[in-house]
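Working notes, beginning with the structure itself.
Because the structure is a prediction, the values reported are computed rather than measured.
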Amino acid sequence: MTQIAPAIELKGISKSFGPVQANKDISLSIQPGTIHGIVGENGAGKSTLMSILYGFYKADAGEVFINGTLTPIPDSQAAIRAGIGMVHQHFKLVENFTVVENVILGAEDGAMLQPSIAKARKLLTELATEYGLDVNPDAIVEDLSVGHQQRVEILKQLYRQADILILDEPTGVLTPAEADQLFRILGRLKDEGKTIVLITHKLREIMDVTDTVSVMRRGEMTATVKTSETSPAGLAELMVGRKVLLEVNKQPVTPGPVVLEVSDLKVVDHAGVERLKGVSFSIRAGEILGIAGVAGNGQSELLEVLGGMRAATSGRVTLHGDPIDLTGQSSDGQSRRARGIAHVPEDRQAEGLIMPYEAWENVAFGYHHDPKYQINAILMNNAAIKADCADKMARYDVRPPNPRLPARNFSGGNQQKIVVAREMDRNPDLLLVGQPTRGVDIGAIEFIHEQIIALRDAGKAVLLVSVELDEILGLSDRVAVMFDGHIMGERLPDETDEKELGLLMAGMSETKGAA
Amino acid sequence: MDFLGILQILDSTVRLATPLLLACLAGLYSERAGIFDIGLEGKMLAAAFFSAAIAYTTGSVWLGLLAGIAASVMLSLLHGLASITYRGNQLISGVAINFLAAGVTVVVAQTWFSIGGRTPALTGGARFYEITLPGAEALSGVPVLGPIYAELISGHSILVYVALAIVPLTWWVLFRTRFGLRLRAVGENPAAVDTAGVSVVGMRYAAVVICGVLCGLAGAYLATGLSAGFVKDMSAGRGFIALAALIFAKWRPWYALYACLLFGFLDAAGSRFQNIETSAMLVVILLGAVAAGLVWAGRKSRLDMAVMGGIAALLIGVIALVLGGVGLTGTATIPVQFMQALPYILTVVILAGFVGKAIPPRAGGEPYVKER
């Protein structure tokens with residue numbers, strides 16, 4: 001057997017951003033024709049490493065070998081020449097261009113477009129049959145589903161004759177069925193001899209599709225193992241540096257009386273598009289209702305209406321049997337909080353926090369009318385707020401526990417803990433929580449999940465919206481699936497699986513009951 | 001009005017539309033690449049002054065044209081430096097350029113020529129003159145077509161034909177060449193261009209320089225073609241009207257031509273019909289129709305109620321005045337100021353909501369920062 005040079009070999013890569021060392025002396029070797037996974041918590045340095053490989057950043061030290069040859073990569077142009085293609089987590093597509101225009105952008109054959117377009121159209125047809133990458137070349141990108149947009153990104157790389165494909169969190173926006181399709185495509189690409197690097201935080205995907213996997217922690221490569229010789233629990237331990245509970249520990253609870261009753265809720269947005277098309281459900285005390293669905297199917301609007309951030313068009317919502325004002329004077333977040341509804345919004349940086357403000361200021365938001373935050377009718381008691389913030393930071397394990405630090409200086413997980421502390425510590429009757437662990441590291445995920453369960457065990461109602469099916473299945477007592485502004489169906493987590501939920505998420509109507 | 005009268009209005013429509021068209025296309029290149037440019041006005045003004053000044057001192061209009069373009073490109077590069085290299089606010093930079101040009105032109109003009117911030121009148125080789133296309137004289141006798149050719153098509157300055165030729169050229173560059181694809185992409189999603197290995201900064205500077213060249217042509221035409229010399233503030237808001245036309249045209253070259261011709265026509269009509277004696281009845285009917293149209297359009301396009309109400313009230317007030325003053329049967333005089341204000345009024349009305357859905361380039365106004 002002849003010795004094959006590794007497709008990618010990194011030697012001693014280091015990179016610092018100011019005082020933060022994002023990559024410390026990283027060495028890695030990836031064999032050609034394999035799928036290699038890279039896992040690690042947020043901020044572990046995965047994306048930095050891949051950005052160095054793609055020429056987005058320049059490493060402070062270290063060498064990159066491609067197919068055994070020392071290859072300096074000063075810019076993206078050099079990476080493309082070396083046969084490296086990257087599919088970014090947030091697609092780099094021009095949304096109002098056609099597929100074929102996006103594919104040729106930056107890789108045109110000459111000053112005129114027509115020859116390139118003809119060539120690309122022909123190649124797209126070939127690739128469609130070869131890899132199952134079926135996309136209409138003349139479709140406008142923004143009209144395509146997210147899954148198809150991702151195919152355009154992959155096609156872009158193949159058009160540039162990339163032999164090494166880096167995919168950064170590729171399944172975050174996909175339905176389970178779309179993710180399966182993606183993995184089938186990756187499998188075929190691998191069979192054709194392409195080398196694939198998969199960056200993800202979903203351990204299940206790593207176990208399913210990769211041949212080898214590397215784990216990064218705090219800028220260092222802590223291990224590289226054969227996937228067949230490891231387990232999710234083992235990988236999680238390597239990522240965090242301690243044992244982690246992957247399963248949520250949850251005792252059965254007998255639900256109490258109905259807390260929230262939503263009937264026939266409809267929302268038309270400012271563009272005239274109907275986002276909620278008659279949604280009805282109820283949540284009892286001591287119960288977590290999980291709302292699953294691909295992002296953009298009305299879950300955000302549902303949270304916003306219930307949280308008082310958006311007016312409903314019609315429908316009726318009651319809390320403990322008393323109606324909630326959906327359109328009038330008291331349909332704002334302040335009135336909702338006064339009635340015991342707390343809201344951990346989906347986007348903590350846009351809706352949950354004011355990033356340049358300090359932690360203690362953020363902790364008071366929405367509750368700044370609280371008498372204990374006041375000295376008199378005019379002055380606020382800043383010292384009391386700071387003390388309260390320090391207390392919350394200690395109990396919710398926010399690091400560093402410094403109330404004077406601006407919100408943007410905390411990591412994603414700690415930012416989320418600040419929001420969670422503010423909203424949950426008031427002991428609300430109903431907690432609305434959207435994407436509680438998006439962009440949050442495993443350690444913080446575990447903590448936030450425990451807090452949500454604790455609230456439920458204390459007899460409160462929780463509405464959980466998440467695009468992470470694992471999270472929905474792990475936490476919820478009941479699961480509802482949203483598609484296109486409708487609730488497609490409700491399931492008990494023990495009696496369903498990802499496949500069935502995936503079909504509902506894709507808009508396939510009820511399978512049970514129809515027969 | 002006779003046939004020749006109509007031809008003369010259309011003839012000056014083309015003349016007056018030309019600086020608008022050049023400035024509008026200048027803005028089109030810049031904004032398509034994601035750099036908003038409200039400094040068109042200032043660049044035109046600077047180009048107008050320097051072209052007139054250099055044309056006067058050298059006696060060559062071509063050297064003047066080059067000087068005008070150079071001045072405009074310098075200001076463009078300043079805008080580029082502020083908004084591309086240093087990622088500053090594009091609106092502020094544009095406003096600064098307008099102020100700078102308004103002040104510098106007058107001060108320098110006074111220093112150089114000492115005749116109250118103007119340049120001396122340009123004569124001889126220091127001006128662009130109308131060129132007569134071949135056969136115009138011979139054909140002018142032919143009924144209908146002859147006068148159209150001789151009056152309307154022939155007999156403009158060379159810059160008018162240049163401006164008209166740039167319209168199809170711009171369309172071709174934008175939609176048929178690699179440069180155009182990248183230019184449009186950089187205004188929509190610079191990150192896509194960057195990851196494709198193309199320099200965002202380079203593309204944006206290229207667009208800004210093209211913008212400067214076209215603004216330079218516009219300004220030079222103002223001072224050496226349309227007029228014979230520079231006077232203070234001679235651009236008279238044309239840069240802003242060009243921006244309105246650009247929005248009206250939805251950032252498309254052919255639409256830009258139509259929009260600029262419309263503005264040019266209003267300008268031409270305004271200067272031809274100074275004091276119109278007309279039937280008061282006609283005025284009332286016209287204003288009533290405009291008010292009704294506004295109310296209707298406002299309902300359709302959600303034009304802000306206050307603005308709409310204000311305009312309607314104003315028009316009704318004018319109607320009442322006319323009725324009170326002269327009665328329905330008398331004649332009314334439309335004041336010259338109203339006619340001259342027509343292009344500007346149209347600008348306000350168009351921007352207030354008659355354009356329908358105009359989607360600007362999505363990355364417009366945003367400096368590009370590589371994300372971490």
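At most 12 non-hydrogen atoms from other residues, nucleotides or ligands lie less than 6.0 angstrom from CD of A/Gln161. For B/Met74, the CE atom sits in a loose shell: 12 or fewer heavy atoms of surrounding residues, nucleotides or ligands are nearer than 6.0 Å. No more than 12 heavy atoms of other residues, nucleotides or ligands shown are found within 6.0 angstrom of CZ on B/Arg252. Residue B/Tyr161 qualifies as enclosed at atom OH: its count of foreign heavy atoms under 6.0 Å is above 12.
Residues passing the side-chain contact (heavy atoms from CB on, under 4.5 Å) test with A/Thr71, sequence neighbours excluded: A/Ile66, A/Thr69, A/Ile73, A/Ala82. Remark: B/Leu159 engages B/Leu65, B/Phe128, B/Ser157, B/Leu217, B/Tyr221 in a side-chain contact (heavy atoms from CB on, under 4.5 Å) (not counting sequence neighbours).
Across all their heavy atoms, A/Gln77 and B/Ala196 have their closest contact at OE1-O, 4.4 Å. The two residues A/Lys92 and B/Ala192 come nearest to each other via the heavy atoms O-CB, 3.2 Å. Closest approach of A/Ser76 and B/Gly197 over heavy atoms only: CB-CA, 4.2 Å.
B/Asn189 contributes atom CG, which lies 9.5 Å from atom CZ of A/Phe97 (distance to the nearest 0.5 angstrom). Note that the CG atom of A/Leu113 and the CH2 atom of B/Trp172 stand 9.5 Å from one another [nearest 0.5 Å]. A distance of 4.5 Å separates CG in B/Asp194 from CZ in A/Phe56, rounded to the nearest 0.5 Å. Rounding to the nearest 0.5 Å gives a distance of 8.0 Å between CG of A/Asn96 and CD1 of B/Ile359.
Applying a 4.5 Å heavy-atom cutoff, the residues of residues 139-157 of chain A that approach chain B are A/Glu142.
Residue pairs meeting the salt bridge (charged side-chain N to carboxylate O under 4.0 Å, His left out) criterion with at least one partner in residues 93-112 of chain A, sequence neighbours excluded, are A/Glu95-B/Arg362, A/Glu101-B/Arg184, A/Glu108-B/Arg182, A/Asp109-A/Lys119.
Heavy-atom pairs under 4.5 Å with chain B were tallied for A/Val94, A/Ile117, A/Leu105; the largest tally goes to A/Leu105.
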